[in-house]
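This report refers to the structure that appears directly beneath it.
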There are 4 protein chains.
Amino acid sequence: MADREKRHLEIRGKRKKQIMSVALRLFSSEGYGHVSIAELAIHAGISKGLMYNYFDSKESLLKAIVEEGIDKIIQSFDRNRDGILTAEEFAHFIRSTFRLMEENKVYWTQFFGLIIQPNIKEFLKNSEMTGLIASYFDILGVYFKNMGFEDPMLEVFHLSVTIEGFALMMLFYNDLADIPEALFKRFEERIIHTYT
Amino acid sequence: MADREKRHLEIRGKRKKQIMSVALRLFSSEGYGHVSIAELAIHAGISKGLMYNYFDSKESLLKAIVEEGIDKIIQSFDRNRDGILTAEEFAHFIRSTFRLMEENKVYWTQFFGLIIQPNIKEFLKNSEMTGLIASYFDILGVYFKNMGFEDPMLEVFHLSVTIEGFALMMLFYNDLADIPEALFKRFEERIIHTYT
Amino acid sequence: MADREKRHLEIRGKRKKQIMSVALRLFSSEGYGHVSIAELAIHAGISKGLMYNYFDSKESLLKAIVEEGIDKIIQSFDRNRDGILTAEEFAHFIRSTFRLMEENKVYWTQFFGLIIQPNIKEFLKNSEMTGLIASYFDILGVYFKNMGFEDPMLEVFHLSVTIEGFALMMLFYNDLADIPEALFKRFEERIIHTYT
Amino acid sequence: MADREKRHLEIRGKRKKQIMSVALRLFSSEGYGHVSIAELAIHAGISKGLMYNYFDSKESLLKAIVEEGIDKIIQSFDRNRDGILTAEEFAHFIRSTFRLMEENKVYWTQFFGLIIQPNIKEFLKNSEMTGLIASYFDILGVYFKNMGFEDPMLEVFHLSVTIEGFALMMLFYNDLADIPEALFKRFEERIIHTYT
DNA sequence: AATGAATGAGTCTTCATTCAT
DNA sequence: TATGAATGAAGACTCATTCAT
């Protein structure tokens with residue numbers, strides 16, 4: 001009994017992940033509104049009805065995907081929040097952020113491609129991320145002030161804009177030709193160099 | 001007769017612009033796929049059928065909007081392409097770019113919100129813009145080299161990423177609370193200062 | 001302009017009535033839940049989509065039908081409610097009620113067949129009819145008391161039960177073979193005779 | 001072995017009854033077409049698949065329920081069919097009928113709520129009940145004739161209509177507030193008094 | 001030029017039923 | 001016996017597009 005139940009849960013878990021993974025890819029590349037359940041089912045190799053065994057609706061599937069991504073981000077960034085950053089810590093923070101993105105380039109690119117879609121942005125605004133971002137902005141503001149920057153908030157703005165722009169660039173050019181791996185490294189060092 | 005015809009064309013022109021303007025706003029905020037012709041007609045104060053007097057289809061309307069935006073960009077940037085930039089010319093180039101964006105903040109924000117949507121990106125890739133951007137990249141590369149930057153292509157990348165990131169930030173935060181006007185100016189000077 | 005608008009409204013009105021009429025017939029004979037929009041469309045000689053030009057949903061169509069019936073009933077019975085009934089008035093009340101049912105036997109049989117369906121009953125309970133029925137019960141109670149009946153409320157109950165049962169009988173046997181016209185008359189006189 | 005088999009059959013029998021009981025309740029209150037197998041399974045505390053171990057299909061389950069009800073009715077009324085009714089026998093017949101309904105008010109109300117649904121009526125028409133009812137009509141006709149009623153068939157009609165109307169009334173008002181128990185008794189005596 | 005009734009293909013969703021375990 | 005994952009046909013509903021007026 002416990003055996004059967006365990007297997008069921010395993011199967012459910014796998015299927016759920018599989019559906020979410022396929023959906024993220026399609027939603028990101030085609031746009032949420034342009035992906036039909038039929039298309040999703042074909043790409044996931046399942047029947048049309050099965051999705052509804054795992055998610056209440058198409059929108060609920062979207063929500064699950066977005067929330068999972070937000071959770072991943074929060075888990076990654078929710079450590080060492082004592083609030084004071086040294087130059088070394090700043091460098092480490094930037095490097096580990098890029099490392100995270102690089103390791104799951106496909107996932108994060110797709111995720112980014114998803115959350116910039118109209119109506120989906122709203123999910124973010126109502127999530128914990130808003131607070132998380134604000135607190136990081138504060139920490140960075142203090143750091144830049146301590147480092148002697150004239151206009152710390154402008155630097156915070158510049159840095160975050162740069163990182164978002166980088167993500168957007170990856171999204172745009174990844175379809176055509178991959179961005180050279182080396183660029184990751186050089187770009188990252190360029191940022192660290194500017195701010196330490 | 002010629003008079004009547006002229007007035008006729010004038011009216012057509014105005015209607016067309018009005019439809020395109022409303023459509024851009026809706027496509028950008030709701031997402032192309034989520035805007036129905038019925039909704040568009042209501043917001044434009046016309047009947048559903050009338051749209052088809054001006055555009056062959058919904059997609060043709062989209063195309064017209066995107067092409068108009070691309071044309072505007074090309075017209076703005078297609079001057080002084082002798083190819084060699086002085087520091088002063090660079091500063092002027094950055095300033096006039098920001099000025100253009102600032103003056104039509106609403107239009108460009110909407111336009112940006114439109115072209116980052118999946119499937120619509122493709123329009124850009126097949127447009128003249130690709131070549132235009134490439135040529136600007138070349139000019140900037142030469143400029144950065146002349147200015148003694150170690151890795152000119154990285155700087156080009158950084159600059160373009162920054163500007164795209166800025167546009168994205170405007171798109172995201174414009175709904176909630178306007179970005180302070182002053183930031184435009186400070187951000188722009190920050191870029192000029194870095195690269196001159 | 002006013003002309004066109006008028007014609008539009010005329011067409012809309014006719015179509016709406018036509019759809020409601022076909023829907024009532026099908027809902028009553030097949031059961032609301034078993035009638036598909038496709039089936040309804042075929043029987044009404046229209047396309048599947050057109051129904052949604054006139055009603056928001058299948059349920060909204062149902063609601064319109066039920067409410068129309070309730071309104072008809074209320075209009076028929078909402079006259080002379082001074083509250084005191086003579087034997088003559090009672091006889092007239094019964095006769096005119098039967099006359100109304102007889103004249104639109106098809107409509108009322110279908111309507112009755114609709115409102116006894118599960119879930120649809122609820123519509124009635126929340127309608128004005130509840131109050132109307134209650135007030136008629138009161139009036140009849142007084143009448144039976146004045147006529148010297150031992151247990152007036154029991155008579156009210158008996159009478160209403162009899163009429164409802166008559167409606168149900170019509171619904172059941174109308175499919176197979178029509179109830180003989182004469183029965184209407186004899187049944188009606190039987191009731192009048194019992195209670196005057 | 002025979003023991004195990006017996007227990008086996010006992011369990012099967014119980015399960016079957018349980019499923020039928022839950023199904024009758026749901027079919028009656030929600031309408032046959034609106035009850036899904038999933039819903040049924042949840043309310044019966046079994047899995048979706050298990051139902052198919054006991055019944056071939058949803059319709060076959062419905063059929064079993066209706067047939068069981070018809071059987072119960074036939075068993076109750078199939079006695080003393082010598083054909084001639086005295087006044088005393090008539091009174092006893094009415095009383096025992098009401099007693100039967102009263103004792104299993106919930107069951108019969110639900111059953112009645114089921115068989116008046118469109119499409120389900122057909123089951124009755126093709127069942128033995130049609131003949132049974134006809135024969136009772138005959139017996140009652142003779143009885144009323146012997147009792148000196150002017151229009152015996154009208155009385156048969158009136159009586160059956162009254163009883164059906166009573167059942168319908170119970171179905172309608174049972175959800176809201178129970179019909180006072182005393183009414184059963186008084187209503188029954190009222191009928192007996194009229195016809196003896 | 002302008003309207004909106006009408007169409008029907010396509011979308012999301014439900015659900016009776018099957019089957020491997 | 002019992003489970004629930006999986007299927008696919010069918011249902012409610014949407015919407016780009018056409019066309020008579």
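Values reported hereafter were calculated over all heavy atoms of this structure, with side chains retained and with hydrogens, waters and symmetry mates removed. Here is how names work: the chains are called A, B, and so on, in the same order as the sequence lines, proteins then strands, and each is numbered from 1.
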Is any side-chain heavy atom of A:M20 closer than 4.5 Å to a side-chain heavy atom of A:K17? no
About how many Å separate CZ of B:F123 and CG of B:L62, when rounded to the nearest 0.5 Å? 4.5 Å
What is the distance from CG of B:L62 to P of F:dA16, rounded to the nearest Å? 13 Å
Short of 4.0 Å, heavy atom to strand atom, which residues of residues 10-36 of chain B count as contacting DNA chain F? B:V35, B:S36
Are any of the side-chain heavy atoms of A:Q117 and B:I116 separated by less than 4.5 Å? no
Within the side chain of B:K125, is there an N or O that forms a donor-acceptor pair under 3.5 Å with the backbone of A:F172? yes
Where along residues 41-55 of chain C does a heavy atom fall under 4.0 Å from DNA chain F? C:K48, C:G49, C:Y52
Quickly work out the D:K58 NZ to E:dT17 P distance and round it to whole Å. 8 Å
Identify whether any heavy atom of C:I37 sits under 4.0 Å from a base atom; if not, whether one sits that close to sugar-phosphate; answer base, sugar-phosphate or nothing. sugar-phosphate
Contact between A:W108 and A:F112 at the side-chain level, heavy atoms closer than 4.5 Å - yes or no? no
D:H34 side chain reached by D:E39 side chain, heavy atoms, under 4.5 Å: no
Within the structure provided, determine whether B:E68 and B:L24 are in side-chain contact (heavy-atom separation under 4.5 Å). no
Assess C:K63 against C:F55: is NZ or CZ under 6.0 Å from the centre of the six-membered ring, and within 45 degrees of the ring's axis? no
Just need the stems in DNA chain F: three or more back-to-back Watson-Crick or G-U pairs, each with both distances under 3.5 angstrom, sorted by first number. E:2-21 with F:2-21
Would you check if C:I120 and C:F27 make a side-chain contact, meaning some heavy-atom pair closer than 4.5 Å? no
Side-chain heavy atoms of B:Y32 within contact of B:N119, under 4.5 Å: no
